[in-house]
Amino acid sequence: MFASHARICQPHWGCVSAPLGWAILGTANIGRAAVIPAIHGSSNGEVIAIASRDVDRAREFATANGIANAHGTYEALLDDDRIDAVYIPLPNSLHREWTIRLAQAGKHVLCEKPLGLTAAECDEMAAAGQAAGVVCMEAFMYRFHPRIDRVLDLITKGVVGELRSIYSAFTFKLTKPDNIRWVPELGGGALMDVGCYCVNVSRTMVGSEPIEVQAVATWTDRGVDEQLAGTLRFDGGITAQIDCSLSMERREVFHVAGADGHLEIANAFLPGTGDVTIEEYHGRAESVRHPVAGADEYRLMVEHFGDCVLTGAPVRYPLAEAAGNMRTIESLYRSARNGGAPEMVNNR
Ligand SMILES: NC(=O)c1ccc[n+]([C@@H]2O[C@H](COP(=O)([O-])OP(=O)(O)OC[C@H]3O[C@@H](n4cnc5c(N)ncnc54)[C@H](OP(=O)(O)O)[C@@H]3O)[C@@H](O)[C@H]2O)c1
């Protein structure tokens with residue numbers, strides 16, 4: 001914890017406050033429920049401003065969430081010199097514009113998943129961040145939970161043998177008809193909202209990009225995917241199956257299977273802060289339970305981001321990684337719109 005407010009300067013991007021001064025763009029649920037409390041509880045940051053399209057909403061949100069300053073426009077953040085970093089939990093269709101505008105104004109940006117609507121958008125955002133010399137990262141919080149590194153460690157140690165297949169599911173029932181996830185113009189859809197985790201964890205576990213994908217989807221009248229199932233084919237014959245939906249009972253799980261055993265990870269993306277486990281199975285004969293101490297993945301994410309801004313260290317997940325995720329998502333959508341036909345992933 002920083003004893004008092006100081007300015008920390010380093011060669012990469014000049015001076016920032018310590019603790020880092022954060023602003024939040026929009027009065028989103030996820031900000032209120034998870035990320036603002038995580039920054040409030042973090043060792044290296046504090047939330048000093050909220051911006052909303054509506055000044056009354058901004059003021060009410062500021063009071064309810066312990067934030068000192070409320071802005072009635074998003075633009076106001078661009079000129080607020082007290083702000084070092086901005087967290088963007090806007091609808092997906094606004095991620096690109098606001099990441100670029102904030103980066104160009106010299107703000108470090110933590111932007112919600114999925115980073116953009118397309119890989120090309122992600123590339124533009126990465127280029128803007130680089131040109132402005134600021135840190136930009138996609139807010140995929142699940143991979144900051146220590147259990148993910150533990151799973152990767154078990155794979156590397158060979159506990160499942162030669163890696164063969166991944167299965168992942170993220171589903172929930174979205175009951176509100178006016179939610180942003182149902183709106184095509186805002187970047188809605190099951191794959192964009194929760195399937196993006198399945199794609200991300202599949203790529204992370206395999207450690208490479210898929211070559212080819214196939215998908216089938218159920219579409220709403222407005223044309224967003226309410227449900228989507230897909231298969232990803234990686235080099236060496238490794239496959240990943242993904243299952244995502246906005247209209248099924250809550251389910252979050254992934255399995256990592258090899259020739260000699262498999263791992264099962266329950267409550268995979270939102271494990272809460274309590275202790276968790278990794279279940280290791282070898283046929284019917286043997287099972288091992290690996291306990292992992294509880295952690296706040298949101299807090300670990302914002303602290304990592306803050307450390308990188310304060311020290312100049314590189315972020316663990318650069319925006320090129322986010323572009324990779326979007327290339328797979330775009331290919332899955334092409335396949336789903338084309339009756340499930342195989343689609344190559346446009347990897348570079
Ligand atoms: N990492 C996670 O755990 C997690 C969880 C949930 C969501 N997310 C991501 O976070 C983002 C926000 O999701 P959410 O469910 O929290 O959103 P939400 O509650 O619907 O809030 C979105 C905010 O964006 C602003 N906004 C600007 N233009 C808008 C428009 N045309 N329609 C609606 N809102 C608009 C609004 O703030 P003002 O009106 O105050 O300007 C609104 O409060 C999405 O990218 C989503 O994928 C991440």
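As the structure lists them, so they are numbered: ligands from 1, and atoms in each ligand from 1. The figures here come from the full heavy-atom set of this structure, side chains too, leaving out hydrogens, waters and symmetry mates.
Between Cys15 and Cys9, a gap of under 2.5 Å is found separating the two SG atoms.
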Passes salt bridge (Lys or Arg N to Asp or Glu O under 4.0 Å), Arg147 versus Glu297? Steps please.
CA-CA 10 Å; Arg147 182 169 55 167; Glu297 57 192 12; over 6 Å; no

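Note on residues 226-242: pairs passing salt bridge (Lys or Arg N to Asp or Glu O under 4.0 Å), not counting sequence neighbours, are Glu212-Arg233. Applying the ring-ring contact (aromatic ring centres under 6.0 Å, His included) test to residues at least two apart or on different chains, the pairs with a partner in residues 85-116 are Trp13-His108, Tyr74-Trp98.
Between Lys176 and Asp178 no salt bridge is recorded (no basic side-chain N to carboxylate O distance below 4.0 Å).
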Under 3.5 Å donor-acceptor pairs involving side-chain atoms of residues 254-275, not counting sequence neighbours:
{"residue": "His262", "atom": "NE2", "partner": "Glu264", "partner atom": "OE2", "Å": "2.8"}
{"residue": "Asp275", "atom": "OD1", "partner": "Gly294", "partner atom": "N", "Å": "2.8"}

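The contact shell of ligand 1, taken as protein residues with any non-hydrogen atom closer than 4.0 angstrom, comprises Gly26, Thr27, Ala28, Asn29, Ile30, Ser52, Arg53, Arg57, Tyr74, Pro89, Leu90, Pro91, Asn92, Leu94, His95, Glu112, Lys113, Ala139, Met141, Ile180, Arg181, Leu186, Asp193, Tyr197, Tyr298.
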